[in-house]
Amino acid sequence: MKPATSKSLPTYSAAGFAALTSSLRHILHEKAVYPGVKALLRMNKPGGFDCPGCAWPDSKHPSVAEFCENGVKAVAAETTTKRVTAEFFNQYTVSELLQKDGYWLEQQGRLTQPMQYNSATDKYDPISWEKAFYTIGQTIQHLSHPDEAVFYTSGRTSNEAAFLYQLFGREVGTNNFPDCSNMCHESSGVALGESIGIGKGTVLLEDFQEAEAIFIFGQNPGTNHPRMLIELEKARQRGCEIVSFNPLKEIGLQRFTHPQKVIPTLLNKGSEISSLYLQPLIGGDFALLKGLIKVVLDAEAQQTGQLDWPFIKTHTTGFEQLKQDIEQTSWQEITTQSGLSQEEITAAATIYLKSNKTIICWAMGLTQHTHAVITIQQIVNLLLLKGNIGKPGAGVCPVRGHSNVQGDRTMGIVENPKKDFLADLERVFGFKPPQEPGYHTVEAIKAMHLGKVKIFVGMGGNFAAATPDTAFTENALRKCKLTVQISTKLNRSHLVTGEQALILPCLGRTEVDLQNGVPQKITVEDSMSMVHASEGKNQPASPHLLSEPAIVACMAIASLPHTTTDWNGLVSDYDRIRSKIEEVFPSFKNFNEKIKHPGGFHLRNSAREREWHTQTGKANFISAPLPEMELAPGQFRLMTIRSHDQYNTTIYGLDDRYRGIKGERKVVFIHQEDMAQAGLQAHDLVDIQSLDAQGTARRVTNFKLIPYDIPRGCTAAYFPETNALVSIDAVAHKSHTPVSKYIVVTLERSIR
Ligand SMILES: Nc1nc2c(c(=O)[nH]1)N[C@H]1C(S)=C(S)[C@@H](COP(=O)(O)OP(=O)(O)OC[C@H]3O[C@@H](n4cnc5c(=O)[nH]c(N)nc54)[C@H](O)[C@@H]3O)O[C@H]1N2
Ligand SMILES: Nc1nc2c(c(=O)[nH]1)N[C@H]1C(S)=C(S)[C@@H](COP(=O)(O)OP(=O)(O)OC[C@H]3O[C@@H](n4cnc5c(=O)[nH]c(N)nc54)[C@H](O)[C@@H]3O)O[C@H]1N2
Ligand SMILES: [Mo]
């Protein structure tokens, strides 16, 4: 495999004109023209609302329309004029709705009023808010132990709602806060916590314009963080080297056209993004990173002065162990396991060696692997060697998913809270919070399965579809006494009900949130720890919607007869929630004042200031031997990825434009020769089967083969259709993140 040169890159580019027309189509398709366009003009601007799409930060000087195609889709989906009404629910039994796919459910529009499942008719009936809260309150008050309650959060929830939600759960008496993060960047949090003492990225947007090299591992920003391409394009144009590591040739990492430059340059082929693009095997990054480190250490051995010795001596521990570990790792092992040649790895490492300031970005291609934590720690090792943390233009950049997933964690949505934080809650709210760790996502599913969970509350998200091992998880949810879903749109989780089930419809981010007639702001924290305000202005989708903070407060009042927290007072003015946040977290000092500043404020990051809150008090080089990763003949590695027309389990459309897929989702990307070797042809239908450690087979059927530029032995397909293949026991070491990017599978021709 040769490194791609710019000549061999396709002349297709990400974003550009096609993106613009696709955005418009989505607004039209959702019949959201007026509310949608009105909303878009206010997105990511001071006084406007934060894009409900990804967690990439806003630029300091937003242009007229700093939004991307996929942000437009997220807004169109929320501002749609279609509605799911009581009449809709009366038309279908839940069993009938279970036959519909995620795309159809999403297309039905916004939820409009609280509904309750009626098992006698197998339909949802309208219920008043009072009765709904009473049902929840009674169930919680009659638990035999608070740990029979589970409170899930998805990362769109605002800081204010998340703060109240964790307070509510802890007043109930549990730390059972599984979070979408458990399936997402948990591995990054754990890895960075051990290595540098804080589980967040250390860079700011301005660092991208100072970096001399940017390395990107396991991320597809063209689809999932399109605004990141604007920074990458600028960086590339001023000569910054950009190196991508991805088994797939993702268009967005190759070429990009800024949407606002589209009209005058329709024939523009886009600008080059990556100066070097390498395609490792799925799961090969641990070995690849060791290879990069090996080249760097060899260079130092040949000519000293390549490493930042003053930094290593003052700020780190573990260098000698790392050196030994790397000396003991052979090139043979590195090249076999990474699927890259020594020359390719050397080419990338040479760029790293030449650069004085390097940023390394990554996303799900690294975090959803058995060896995710130790792999991410090799990224830190590589950066520490040249002092690339805590200086301008350099650092770690885990690119977060949901727009407030990082903020939810900051607010205390964690299953294993720090003792100091619990003590602060006790000081401010005067109750004794539970001290025992609660369930993370996978533990919560297992506990439900064992009948240990009586009530599941989902603050957003789509638990049934986003989690692994679909059949197992759905059975688990059905064992609850009561399932409560607080949502904006219809999804599978509403249909996989406990004995009783409630749908509580809430306001979305684009909508005005009036409390006592006064419009309220909420706040979010982006991937670079910038906290800022967001204010929706659109009319709510229905007069019956409540805000997320209001729903939490009502659940709390109904469930906690002895609470001393002034839930009503807090919700009547969100400034009061923020004052409490400030009392609990000193880093939010003057919170209400600071959010008046356009663009918000930065939460201090200790590692950025070379302060290491680790056990050793230093930044740690952490090393470990490579695992065994041999597959038997006929087995493939399968990674489950996002198409361009989806937001996690929300399916906006059936195309994956950059990968050339139109009108379908049940496809498997595979190398031409692997297909031929198996006696199969393009567009043949196959069943995909996985086998877990206990020998249990899981299967999904009728997927169409698509020959693709992907390394041999590797395949890719979309989630959530393939979640049924992920065993509940397949989780990353230490972070417990489901292994969604390395499923060992076999392919068999489908029998139709
Ligand atoms: N439009 C849109 N935006 C989104 C989302 C969405 O669904 N739609 N989801 C949001 C969320 S919650 C998240 S977490 C992010 C996700 O953002 P990404 O992490 O970009 O999402 P994935 O589609 O999972 O893509 C993983 C990428 O890693 C590559 N990859 C897979 N396995 C490996 C590996 O072993 N090694 C390497 N080097 N690469 C690998 C895949 O080819 C793919 O390009 O996006 C956020 N933004
Ligand atoms: N196989 C496989 N599985 C994966 C992944 C993968 O790459 N592969 N990725 C994982 C990742 S990274 C993540 S983050 C999870 C995502 O898991 P989740 O966050 O649970 O799932 P989403 O699909 O983002 O949730 C969509 C639903 O959220 C609701 N919603 C939207 N906006 C709002 C709002 O403002 N408020 C409220 N209350 N509800 C709202 C809507 O009803 C919508 O149907 O999935 C994980 N699952
Ligand atoms: Mo995510």
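The residues of the chain are indexed from 1 along the displayed sequence. For ligands, and for the atoms within them, numbers begin at 1 and follow the listed sequence.
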Fill in: Within-cut-off N or O pair, Asn224 and ligand 1, under 3.5 Å
yes
Item to complete: May I ask whether Thr650 places a heavy atom under 4.0 Å from ligand 2?
Response: yes
Discussion item. Just to check, does His185 reach to within less than 4.0 Å of ligand 1 when the distance is taken from its heavy atoms?
Written reply: no
Item to complete: Have a look at ligand 1 and work out which part of Asn648, if any, has a heavy atom under 4.0 Å from it: side chain, backbone, both or neither.
Response: both
Discussion item. Using modelled atom types and a 3.5 Å cut-off, is there a donor and acceptor pairing between side-chain atoms of Arg110 and backbone atoms of Ala77?
Written reply: no
Worksheet, complete the sentence: For atom 8 (N) of ligand 2, the closest protein heavy atom turns out to be Thr640 OG1, 3.0 Å
Worksheet item: Given that the side chain starts at C-beta and the backbone is N, CA, C, O, which of these parts of Met639 lies under 4.0 Å from ligand 1, counting heavy atoms, or is it both or neither?
Response: side chain
Practice prompt. Return the residue, atom name and 0.1 Å-rounded distance of the protein heavy atom closest to atom 26 (C) of ligand 1.
Written response: Lys741 CE, 3.7 Å
Worksheet item: So among Tyr277, Trp362, Phe286, Phe217, which one has a ring-ring contact (aromatic ring centres under 6.0 Å, His included) with Phe245?
Response: Phe217
Worksheet item: Considering only protein heavy atoms, which is closest to atom 33 (C) of ligand 2, and at what distance to one decimal place?
Response: Thr488 OG1, 3.5 Å
Fill in: Part of Ile641 with heavy atoms under 4.0 Å of ligand 1, whether side chain, backbone, both or neither
both
Worksheet item: Can you find a non-hydrogen atom of Val726 under 4.0 Å from ligand 2?
Response: no
Worksheet item: Quick check: does Gly218 get an N/O under 3.5 Å from an N/O on ligand 1?
Response: yes
Discussion item. Just to be sure I'm reading this right: ignoring hydrogens, which of His494, Arg156, Glu106 gets closest to atom 32 (N) of ligand 2? Compare them by their nearest heavy atoms.
Written reply: Arg156
Item to complete: Do me a favour and list the nearest non-hydrogen protein atom to atom 17 (O) of ligand 2 with residue, atom name and distance?
Response: Ala466 CB, 3.2 Å
Fill in: Closest protein heavy atom (residue, atom, distance) for atom 14 (S) of ligand 1
Cys184 SG, 3.2 Å
Worksheet entry | Thr649 contact mode with ligand 2 (heavy-atom cut-off under 4.0 Å) | both
Worksheet item: What protein heavy atom sits nearest atom 39 (N) of ligand 2, and how far off is it?
Response: Gly460 CA, 3.3 Å
Discussion item. Check contact between Cys506 and ligand 2, using heavy atoms of the residue and a distance below 4.0 angstrom.
Written reply: yes
Discussion item. Counting only heavy atoms closer than 4.0 Å, does ligand 2 sit against the backbone of Glu78, its side chain, both, or neither?
Written reply: neither
Practice prompt. Run the numbers for me: atoms of ligand 2, each under 4.0 Å from some heavy atom of Ser740, listed by number.
Written response: 1 (N), 2 (C), 3 (N), 8 (N)
Practice prompt. Mark the output for His369 as yes if a heavy-atom distance to ligand 1 is under 4.0 Å, and as no if none is.
Written response: yes
Practice prompt. Can you figure out which of Asn462, Leu105, Leu504 has its heavy atom closest to atom 21 (O) of ligand 2?
Written response: Asn462
Practice prompt. Have a look at ligand 2 and work out which part of Glu548, if any, has a heavy atom under 4.0 Å from it: side chain, backbone, both or neither.
Written response: side chain
Item to complete: Starting from atom 9 (N) of ligand 2, find the nearest protein heavy-atom neighbour and note its residue, name and distance.
Response: Arg642 NH2, 3.1 Å
Discussion item. Regarding ligand 1, does Arg400 bring an N or O atom to under 3.5 Å of one of the ligand's N or O atoms?
Written reply: no
Worksheet item: For Leu281, is at least one N or O under 3.5 Å away from an N or O on ligand 1?
Response: no
Worksheet item: Under 4.0 Å from ligand 2, counting heavy atoms only, is it the side chain of His402, its backbone, both or neither?
Response: side chain
Discussion item. Is it the case that the side chain of Thr715 and the backbone of Arg637 share a donor-acceptor pair, with hydrogens and angles ignored and the cut-off at 3.5 Å?
Written reply: yes
Worksheet item: Is there a heavy atom of Lys489 sitting under 4.0 angstrom from any atom of ligand 2?
Response: yes
Worksheet item: What do you reckon, does Gly53 put a non-hydrogen atom under 4.0 Å from ligand 1?
Response: no
